[in-house]
Peer 1: 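I have a structure I would like to understand better, so I am pasting it below and will then ask my questions one at a time.
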There are 2 protein chains.
Amino acid sequence: MARAADPDEPAGSAPRTADPDSPEARGGAAFVVTSGPPGTGRAALDRRRILGAAIEFIDSHGLSALTMRRLGAVLGVEAMALYRYVPGREQLLDGVVESVVDELYGDPDVHMEAAHGWQDYLQRLAHGVRRIALAHPELFPLVATRPPAAPWVRPPLRSLRWVESFLTALTGSGFSDESAVAAYRAYSSFLLGHLLLEVSQKGVAINAADTGEATPAVDPDLGEYPTVVRLQELLSVDESAAEFEEALENLLGRLEHVRREGRDPRDPDSFT
Amino acid sequence: MARAADPDEPAGSAPRTADPDSPEARGGAAFVVTSGPPGTGRAALDRRRILGAAIEFIDSHGLSALTMRRLGAVLGVEAMALYRYVPGREQLLDGVVESVVDELYGDPDVHMEAAHGWQDYLQRLAHGVRRIALAHPELFPLVATRPPAAPWVRPPLRSLRWVESFLTALTGSGFSDESAVAAYRAYSSFLLGHLLLEVSQKGVAINAADTGEATPAVDPDLGEYPTVVRLQELLSVDESAAEFEEALENLLGRLEHVRREGRDPRDPDSFT
DNA sequence: ACCTGAACACCGTTCAAGT
DNA sequence: ACCTGAACACCGTTCAAGT
């Protein structure tokens, strides 16, 4: 009988209280990660292992549950040991984001450079980023939202390696410098908007301060919004994949226009 | 100067200079908000006043600095007093987001319904949202990222009132139900992607766990990225306003196409 | 009716100390 | 060389108590 019965709250947002007695549970038994055969988890600590554990932890418990102490527990170590490999929690998160974005390099469907033309390249890159977003829905808001290394680096393509790859592919395919840069900007905005909303719609707590709460469910007084009510079924249909495809093709078409004109896409008749 | 909250300093734990007795200094003098003539700050506490103070606080100190205790201090009250008006910190943030989004209703340039046609309406609405984003750069990531009331509500147009307004305007202007919904989705993605990136580029710590740190500045080994180096100046030019305009007009053009065809915008020849 | 004091169960982080 | 114990300065939140 740890706590007195919750006084109210129909949708109890009660902070998860761990059994204060059990020393095992100190780090939160609910957060123990299956670590393979006994002994496996004892591997030497290093930065890569820590980042990997953090990613796994966020994927399964949400960002807000990630605590230095709990991450240590998952790795079989006290929180303080992590500071030998990572300067602090903020930098840990930066490392996690970098790590996740770098997964793209291991993606066999996304080869650098444009062997089959720039449109093919941007297609594969976009789908690679989308795969990452869907694989780490709890993490993608972080990718979208952490301050980039430089002001002109735009999430989600937030590593210089990808910016370089993008720009060389385009300038090497007939884009002027100006239009390559403009294309980078448009492409980033497109990816960020679509993927952030797709990931959010998937119902994940796309939330910087995630409470681990379930879906907020429908709303109270829908009576005031007749059109919303009438279209509710249409609104609930998930067409993300097709919409992503369509918007991507539209964007590529626009960029092709820009490329052929060889000038700035803000020019009024680039899109007439 | 004045960041008095420094928690560390190698010199060990010499007794903090701040007088622990003084109730004034408890919340951290660095966060005291000028509250007009003496006595003004003592106004009766209520939910609206609390939300307003929270918005002001986030605008000037960043999200991560917002603490129940500090917010209480700003309002001349202990943190515990806030719980009489707000269930907890998470719900405070939800209220803040709702509050900020509702600023749109007070915007004289954004009237509901489409007196001058749907394109004019979507134009004004987009610019209204953009004004909000730029007015509250520290807050916009929260608007973008908090879980919406229902899965089909898409930030940044995250109030049912605006969804209703959007959908009735479009269905009343010749859009089929399907294309009105598709337009809502495309419009949301466009706004979210562009504004999140614009706000981030403005250099604000567009950061859920903002450290109050300065800009990360340029990068280390730029030598490996020759194209980035060559285009760095172009990359640093801020063309956000023009890019927003261009992308918005392009989107509206696409939607007009969809409207005239009266069918799904995913149809392949909507955009040829 | 409205606010506070004191307390609880956490945090991130430091540092001397153990092995 | 690598990890831990203990401590510090915070958090959010509860609840009985004050006014």
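Just so it is clear, the values below take in all heavy atoms, side chains as well, and ignore hydrogens, waters and symmetry mates. Each chain gets a letter, A, B and so on, in the order the sequences are listed, and its residues count up from 1. Just so we're clear, the structure is a prediction, and the values are computed from it rather than from any experiment.
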Peer 1: For A:Tyr83 and C:dC11, give me the distance from atom OH to atom P, rounded to whole Å.
Peer 2: 12 Å
Peer 1: Taking NZ, NE, NH1 and NH2 as the nitrogens, is one of them in A:Lys202 or A:Glu138 under 4.0 Å from a carboxylate oxygen of the other?
Peer 2: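 Here A:Lys202 does not pair with A:Glu138 in a salt bridge, since their nearest N and O are not under 4.0 Å apart.
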Peer 1: Quick check: do B:Glu103 and B:His136 have side-chain heavy atoms less than 4.5 Å from each other?
Peer 2: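 Heavy-atom side-chain distance check passes, below 4.5 Å.
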Peer 1: In whole angstrom, what separates B:Glu90's CD from D:dT13's C1'?
Peer 2: 13 Å
Peer 1: Please tell me whether B:Arg154 and B:Ser189 have a donor and an acceptor in their side chains that are separated by less than 3.5 angstrom.
Peer 2: yes
Peer 1: Give the minimum heavy-atom separation between A:Val129 and A:Pro156, together with the two atoms involved.
Peer 2: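 For A:Val129 versus A:Pro156, the nearest heavy atoms are CG1-CG, 4.0 Å.
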Peer 1: How close or far is atom P of D:dC2 from atom CG of A:Leu82, stated in whole angstroms?
Peer 2: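 Result: 14 Å.
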Peer 1: Just to be sure I follow the notation: if a pair is Watson-Crick (purine N1 to pyrimidine N3 plus N6-O4 or O6-N4) or a G-U wobble (N1-O2 and O6-N3), each under 3.5 Å, what dot-bracket string does DNA chain C give, with | for pairs to another strand?
Peer 2: ||.|||||...|||||.||
Peer 1: Does any part of the side chain of B:Leu196, heavy atoms only, come nearer than 4.5 Å to the side chain of B:Leu191, both counted from C-beta?
Peer 2: no
Peer 1: Take atom CD1 of A:Ile50 and atom C1' of D:dC3, then tell me their distance rounded to the nearest Å.
Peer 2: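 Distance, rounded to whole Å: 12 Å.
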Peer 1: Between D:dG12 and B:Thr67, is there an OP1 or OP2 to side-chain N/O distance shorter than 4.0 Å?
Peer 2: yes
Peer 1: Rounded to whole angstroms, how far apart are CG on A:Leu93 and P on C:dG12?
Peer 2: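 These atoms are roughly 10 Å apart.
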Peer 1: Kindly point out which of C:dT4, C:dT14, D:dG5 is positioned nearest to the side chain of A:Glu78?
Peer 2: D:dG5
Peer 1: Heavy atoms from C-beta onward define the side chain here; which of D:dT4, C:dT13, D:dT13 lies closest to that of B:Met68?
Peer 2: D:dT13
Peer 1: What integer distance in Å separates B:Asp46:CG from C:dA1:P?
Peer 2: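 To the nearest whole Å, that distance equals 18 Å.
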Peer 1: Please state how far atom CG in B:Leu75 lies from atom C1' in C:dC2, giving the value in whole angstrom units.
Peer 2: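 Spelled out: CG on B:Leu75 to C1' on C:dC2 is 15 Å.
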Peer 1: Looking at the side chain of B:Ala81, which of C:dC3, D:dC11, D:dT13 is the nearest nucleotide?
Peer 2: C:dC3
Peer 1: Looking at A:Arg185 and B:Glu198, does any basic side-chain N land under 4.0 Å from a carboxylate oxygen?
Peer 2: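 Result for this pair is no, no salt bridge flagged.
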Peer 1: Would you say D:dT13 has OP1 or OP2 under 4.0 Å from some side-chain N or O of B:Arg69?
Peer 2: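 Looking at the OP1 and OP2 atoms of D:dT13, neither is under 4.0 Å from any side-chain N or O of B:Arg69.
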Peer 1: Does A:Tyr85 make a side-chain N or O approach to OP1 or OP2 of D:dA1 shorter than 4.0 Å?
Peer 2: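 Negative; the distance criterion is not met.
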Peer 1: When you measure from the side-chain N and O atoms of B:Arg84 to the phosphate of C:dC2, is any distance below 4.0 Å, counting only OP1 and OP2?
Peer 2: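 For C:dC2, OP1/OP2 do not have a side-chain N/O of B:Arg84 under 4.0 Å.
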Peer 1: Over 60° means perpendicular and under 30° means parallel, so tell me whether B:Phe166 and B:Tyr187 are parallel, tilted or perpendicular.
Peer 2: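 If you compare the ring of B:Phe166 with that of B:Tyr187, the planes turn out tilted.
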Peer 1: In whole Å, I'd like the distance from the CG atom of B:Leu71 to the P atom of D:dC11.
Peer 2: 12 Å
Peer 1: Which part of the nucleic acid does A:Met80 contact within heavy-atom distance under 4.0 Å: base, sugar-phosphate only, or nothing?
Peer 2: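 Answer is base: heavy atoms of A:Met80 come under 4.0 Å of a base.
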